[in-house]
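As structure tokens, the structure follows; a few thoughts come after it.
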Number of protein chains: 2
Amino acid sequence: METRELRYFVAVAEERHFGRAAERLGIAQPPLSRAIQQLERRVGARLLERTSREVRLTGPGAVLLAEGRAALDAVDAAERRTRRAAGSGPDLVLVAKAGASEELLAKVLDAYAAEPGAVEVDVQLCGPGQQERLLRDGRADVALLHRPFDSTAGFDTEDLASEGQSLFLPAGHPLSTHAQLRLADVADVPLPRWPGPDGTYPNGAGPQVRDTAQLRQLVSLGRAAAVLPDSARHGLADDVVAVPVVDAPRVTTVIAWPPHSRSRAVADLVRCAARL
Amino acid sequence: METRELRYFVAVAEERHFGRAAERLGIAQPPLSRAIQQLERRVGARLLERTSREVRLTGPGAVLLAEGRAALDAVDAAERRTRRAAGSGPDLVLVAKAGASEELLAKVLDAYAAEPGAVEVDVQLCGPGQQERLLRDGRADVALLHRPFDSTAGFDTEDLASEGQSLFLPAGHPLSTHAQLRLADVADVPLPRWPGPDGTYPNGAGPQVRDTAQLRQLVSLGRAAAVLPDSARHGLADDVVAVPVVDAPRVTTVIAWPPHSRSRAVADLVRCAARL
DNA sequence: TCCAGTGATACCCCTGCGGTATCGATCGGC
DNA sequence: GCCGATCGATACCGCAGGGGTATCACTGGA
């Protein structure tokens with residue numbers, strides 16, 4: 001199976017519409033129709049159920065969509081990492097959630113920079129749920145993830161730190177005077193809404209946020225309250241109060257990298273971080 | 001990057017010879033040379049250093065070989081699993097090392113078969129080190145692996161059982177009368193040699209074996225002795241003695257599956273196994 | 001019944017992959 | 001130092017197949 005065919009199929013499967021998929025791919029619709037037919041013949045299975053009203057995935061189609069996305073990411077990763085190894089671009093890209101584990105991140109970077117043979121590290125900050133993608137398709141080499149929020153599936157990981165969570169809220173909020181809280185106490189605080197994997201927000205009452213840095217600003221402004229790992233307390237302004245939520249799940253910060261990574265720099269950075 | 005280019009590159013990188021690689025790929029040598037040149041132009045980096053005497057990998061070339069193999073496995077896996085989802089072939093393939101964890105394997109299969117909605121499970125036995133490959137390229141859906149011997153990198157896993165190791169040796173062997181042993185005691189017993197990832201055997205004194213079932217037979221014949229997990233004791237003939245090696249590392253049997261697996265059957269089987 | 005929307009088909013063009021023949025460079029043997 | 005063997009690169013050719021435009025066939029809804 002060629003990557004071109006796979007890209008075409010994934011586009012149609014995601015758009016559920018040949019015309020839109022063709023536009024996205026920058027080709028006309030007829031060659032796309034033919035390519036899908038040919039793919040179906042080659043695989044020996046109907047992948048899409050088409051009527052003139054809608055395009056639906058069949059069972060095998062759903063399998064190919066999931067596996068195909070992973071395969072395309074792997075191919076992209078191969079190309080990106082090769083290109084980077086050739087010298088253009090940074091030597092190592094580390095990705096972390098904006099506003100999360102800031103202190104730990106700084107320590108890791110400092111410790112690695114002091115290492116003999118350390119290379120230039122590019123730090124990329126992003127919203128939650130984006131890191132896995134970047135790591136998978138080769139735009140990043142290492143990531144800081146937070147269990148149980150982020151999926152570490154398919155990566156090698158090393159635990160770095162573990163911490164409790166607190167409710168962060170504007171000074172003056174009724175709950176801000178408590179010494180500690182339980183999850184039940186915060187049940188009716190409208191929590192912020194994070195975007196799903198597709199970039200859309202679930203319905204609900206809380207404000208829409210894209211990363212922890214944004215959220216912090218909203219809390220400062222008195223427009224939000226949120227349960228976050230204790231370390232978010234670091235460098236907080238006076239107008240925000242953090243109250244420990246004693247029965248919230250503990251959050252473990254891990255460093256993650258692609259399992260077949262043969263890079264000396266990745267190994268050094270991981271070893272360095274694990275020593276902290 | 002197209003799959004074809006990647007396959008060509010991997011072939012040349014592995015053979016370190018354009019002619020042999022072309023033969024293996026079933027094409028003539030000139031188109032192969034051109035394809036590699038074009039790939040190098042597109043990636044913007046020299047991947048192979050050629051002289052008329054040898055072909056050597058450059059740094060970026062080594063990166064592309066490692067990443068490219070993984071990517072090709074992912075593409076193959078996508079195609080295989082899609083084809084299988086389409087109905088031809090078994091619904092679920094489980095791979096295990098021949099002769100290892102036999103009892104546990106039987107229990108897992110029985111338990112799953114009793115599950116409502118259980119599908120047909122194909123059991124594939126293979127030598128050590130082959131399972132990861134099969135799981136990665138889609139020829140298998142689930143594997144029984146043994147830490148710390150097998151690499152679980154890149155898979156989701158669930159621990160099933162943990163056990164010590166014993167020295168298995170023919171009755172009558174001088175060490176067979178001991179109640180227990182330490183690693184130091186077995187240091188000069190010639191242990192069997194397992195094939196490396198490339199299928200060749202390291203140099204040494206012990207017999208060459210391909211799987212645990214073979215090894216068991218050799219032990220029975222009085223031609224070998226080996227340190228193996230205690231469970232290998234199961235169903236052993238009288239002429240083989242197992243002496244616990246108290247300071248050998250404990251072996252954990254885990255069930256492993258590809259992380260993006262969306263299959264109901266895999267999830268059921270894993271849940272079933274974890275309950276044991 | 002007609003029209004809008006959607007995927008499939010017909011047909012054409014041309015890129016680009018694969019093949020054969022041959023070149024040019026390098027190394028070993030005498 | 002020359003010759004022959006070996007190996008990758010180049011030149012050139014034929015054609016499969018991917019992409020484009022025009023158009024058809026089918027389905028729902030007004």
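Below, all heavy atoms of this structure are taken into account, side chains as well, without hydrogens, waters or symmetry copies. The chains referred to below are lettered A, B, ... by the order of the sequence lines, with proteins before strands, and numbering in each begins at 1.
- For B:Arg34, the side chain to side chain contact (heavy atoms under 4.5 Å, CB included) partners at least two apart in sequence or on another chain are B:Pro31.
- Counting only distance, with no hydrogens or angles, the side chain of A:Glu67 and the backbone of B:Glu79 share no donor-acceptor pair below 3.5 Å.
- The line from CG of B:Leu57 to CD of B:Glu49 is 10.5 Å long, rounded to the nearest 0.5 Å.
- Contact between B:Val254 and B:Arg147 at its shortest, heavy atoms only, is CG1-NH1, 4.0 Å.
- The interatomic distance linking A:Glu54 (CD) with C:dG5 (P) rounds to 18 Å, in whole Å.
- If you check residues 1-13 of chain B against DNA chain C, the residues with a heavy atom closer than 4.0 Å are B:Arg4, B:Tyr8, listed by number.
- The two residues A:Leu48 and A:Phe18 come nearest to each other via the heavy atoms CD1-CZ, 4.2 Å.
- Partners of A:Asp268 by side chain to side chain donor-acceptor pair (under 3.5 Å), not counting sequence neighbours, listed by chain and number: A:Arg264, A:Arg271.
- Of all the heavy atoms in B:Asp91 and B:Glu120, the pair that sits closest is OD2-N, 3.5 Å.
- Remark: the B:Gln29 side chain and the B:Ser33 side chain contain an N/O donor-acceptor pair separated by less than 3.5 Å.
- Considering only heavy atoms from C-beta on, B:Leu64 stays 4.5 Å or farther from B:Val10 through its side chain.
- Of the residues in residues 25-38 of chain A, those placing a heavy atom less than 4.0 Å from an atom of DNA chain C are A:Gln29, A:Pro30, A:Ser33, A:Gln37, in numerical order.
- Of all nucleotides in DNA chain D having an atom under 4.0 Å from a heavy atom of chain B, the first and last in 5' to 3' order are D:dC7 to D:dT10.
- A:Arg139 contributes no side-chain N or O that, together with a main-chain N or O of A:Val93, makes up a donor-acceptor pair within less than 3.5 Å.
- Note: CZ (A:Arg20) to C1' (C:dG7) measures 13 Å, nearest angstrom.
- In this view, A:Glu2 and A:Glu5, B:Glu2, B:Thr3, B:Arg4 satisfy the side chain to side chain contact (heavy atoms under 4.5 Å, CB included) rule, not counting sequence neighbours.
- Nearest-nucleotide assignment on DNA chain D puts the 5′-proximal partner with B:Val55, out of A:Thr51 and B:Val55.
- Straight-line distance from the CZ atom of B:Arg42 to the C1' atom of C:dC17: 12 Å, rounded to whole Å.
- A straight line from CG of A:Leu48 to P of C:dT6 spans 16 Å, rounded to a whole angstrom.
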